[in-house]
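To find a chain, count down the sequence lines: A is the first, B the second, and so on, and within it residues start at 1.
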2 protein chains.
Amino acid sequence: MSQLRYPHLMATDRDSVLEAAVGILSRRPTAHLDEIARAAGISRATLHRIFPGREALILEVGALGLRRFSAALDTARVEEGNAEAALRRLVDAVVPDAALCAFLAGENQLYDHEEINDLWELQDARVRALFLRGQQEGVFRVELSAAWLSEAFFDLVAGIGWAVQEGRLAPRESAFSLAELFLGGALRRSDTP
Amino acid sequence: MSQLRYPHLMATDRDSVLEAAVGILSRRPTAHLDEIARAAGISRATLHRIFPGREALILEVGALGLRRFSAALDTARVEEGNAEAALRRLVDAVVPDAALCAFLAGENQLYDHEEINDLWELQDARVRALFLRGQQEGVFRVELSAAWLSEAFFDLVAGIGWAVQEGRLAPRESAFSLAELFLGGALRRSDTP
DNA sequence: AAATAATGAGACATGAATGTCTCAGTTGCG
DNA sequence: CGCAACTGAGACATTCATGTCTCATTATTT
C-alpha cells in the first residue's frame with residue numbers, strides 16, 4: 001500500500017479526504033460513498049483504495065475528530081491556570097474543528113468500537129475535569145453538574161459547527177458566540193463580573 | 001384502512017408507535033425497521049400496515065415533533081409577558097418532548113419536504129421573535145444575534161433529550177439545567193440579577 | 001360460540017448501495 | 001523518452017434493507 005511509501009504525504013491526503021467526508025457526513029450520515037468521493041474530488045475507486053470500506057471511513061473520521069479535539073485540549077492547556085481562561089482558550093482552539101466535533105457528537109455508531117470509545121472517554125474526562133476544577137475554584141456554577149456542563153459544551157460546539165457550515169453563523173463570530181453564550185448565558189446583565 | 005374506522009384510537013396508537021420510533025431514531029437514524037417495530041412492540045408487518053414505508057414513518061415522526069413543539073409554544077404563551085418568563089415557560093413545556101426535538105434537530109432529510117419545512121419555519125420564527133422581543137425589552141443580550149440564541153436553544157434542548165435518554169441526566173433536573181445554563185451561563189456570579 | 005378483523009411470523013422479490021474487478025488514460029520519476 | 005505507479009470510469013457480483021405477499025393464530029365483536 002502506498003501509505004507505507006509516502007507516509008507523510010499520504011497522511012495529509014487521507015486527512016483532506018476525511019475532512020471532505022465530514023462536510024457531507026455531518027449533515028447526512030447516510031450519504032452514499034459516491035457523494036463523499038465527489039466531495040473529496042476523487043473517484044469512488046480511489047476512495048476504496050484509501051479506505052477499505054464505508055465502515056473504515058467512518059471510523060477514521062471519528063479518529064481524526066478525536067485527534068483534533070485532543071490536540072485542541074493540549075493547545076488550550078486546559079489543565080493550567082484559571083478555569084474560565086482555560087475554557088476560553090479551549091473555545092478558540094476547538095472552533096476551527098467544530099464541524100468535526102459535530103460529527104462526533106451525532107455519530108453514536110462509533111461507540112461500539114473499543115479504541116475510539118476509550119479515546120473519547122479520555123478526552124471527555126479532561127473536559128469534565130476542567131469543569132470540576134472550575135467549580136472547586138468558585139469559577140463555575142455548582143448548581144449545574146460538571147457532567148451537564150460538559151455535555152452542554154459539546155452540544156454548543158456541535159451547534160456552532162452546523163450553523164457555520166450552513167451559513168447561519170459567520171465563522172468570525174463563532175468563537176465569541178460560543179464562549180459568551182456558554183459562559184455568560186442569554187440574559188443581559190447590568191454588571192459584568 | 002382502520003384509521004378511518006377508529007380515528008381517535010388509531011391516532012394514539014400511531015403516536016405511540018412514533019414515540020417508540022423516536023427513541024431509536026434519535027440515537028441511530030439508520031436503524032432498521034425491524035428494530036423500530038420491536039421497540040414499538042409490534043411486528044414489522046404491522047408497522048408496514050400503519051405506515052406505508054420508511055419514508056412515511058420518518059415524515060410522520062417529524063410531523064409529530066413539530067406538532068408537539070408547536071403545542072409547547074402555545075402552552076408557554078411565548079408571545080406574552082416578560083421574555084425571560086416566557087422562555088422559562090417554554091423550557092418547562094418543551095422538556096417532556098426533548099427527545100422528539102433532538103430528532104428534529106438532527107434530521108435534515110425532512111427539509112426537502114415542503115409542508116414540513118413550512119411548519120418548521122413557522123415555529124422557528126416564533127422562537128426567533130421571542131429572542132428579538134427579549135432583546136428589544138432589554139432582557140436578552142444584544143451582542144449575540146437572535147438567530148444564534150435560537151440555534152443554541154435548539155441545540156441545548158436536543159442535548160437535554162439525548163442526555164436524559166442515555167441516563168446521563170436525571171429527568172427531574174432537565175428543565176432546571178436547561179433554563180439555568182441557557183439563561184445564566186456557566187459562570188458563577190456573586191449577585192443574581 | 002361463531003364470525004370477523006387484526007396481528008405475527010415467515011417466505012419471497014426488488015432495488016439500491018457496497019465491494020471487487022478490469023482497462024484505458026494520466027501523472028510523475030528516472 | 002520510457003517506465004512505473006496512480007487514477008478514473010465503468011461493468012459486475014453481492015449483500016442487505018425494504019416492500020409485498022400468504023397463512024396460521026389471536027382478539028374482538030355480535
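- Taking atom CG of residue A:Asp13 and atom C1' of nucleotide C:dT27, one finds them 14 Å apart after rounding to whole Å.
- Contacts between residues 51-65 of chain A and DNA chain C, defined by a heavy-atom separation below 4.0 Å, involve A:Gly53, A:Arg54, listed by number.
- Residues of residues 23-40 of chain B having a heavy atom closer than 4.0 Å to DNA chain C: none are found.
- Rounded to an integer number of Å, the gap from CG of B:Leu47 to C1' of C:dA9 is 15 Å.
- Not counting sequence neighbours, the partners of A:Phe154 by the ring-ring contact (aromatic ring centres under 6.0 Å, His included) test are A:Phe69, A:Trp120.
- For the residue pair B:Ser43/B:Thr46, the side-chain donor-acceptor check at 3.5 Å is satisfied.
- A straight line from CZ of B:Arg49 to C1' of D:dT26 spans 13 Å, rounded to a whole angstrom.
- Taking atom CD1 on A:Ile50 and atom P on D:dT7, their separation rounds to 7 Å, with Å as the unit.
- In this structure the side chain of B:Pro29 never reaches within 4.5 angstrom of the side chain of A:Thr30, judged on heavy atoms.
- For A:Arg44 and D:dG10, a side-chain-to-base donor-acceptor distance below 3.5 Å is absent, hydrogens and geometry of angles not being considered.
- The ring-ring contact (aromatic ring centres under 6.0 Å, His included) search around B:Phe131 returns B:Phe140, B:Phe182, not counting sequence neighbours.
- The interatomic distance linking A:His48 (NE2) with D:dT7 (P) rounds to 15 Å, in whole Å.
- Judged as a salt bridge (Lys or Arg N to Asp or Glu O under 4.0 Å), and not counting sequence neighbours, the contacts of A:Glu84 are A:Arg88.
- Remark: B:Ser43 is not in phosphate contact with C:dA9, judged by side-chain N or O atoms under 4.0 Å from OP1 or OP2.
- Residues A:Leu178 and B:Leu156 share a hydrophobic cluster, clusters being chains of Ile/Leu/Val/Met/Phe/Trp/Tyr side chains in contact below 4.5 Å.
- Under a 4.0 Å N-O distance rule, the pair A:Glu137/B:Arg188 does not qualify as a salt bridge.
- The side chain to side chain donor-acceptor pair (under 3.5 Å) search around A:Ser145 returns none, not counting sequence neighbours.
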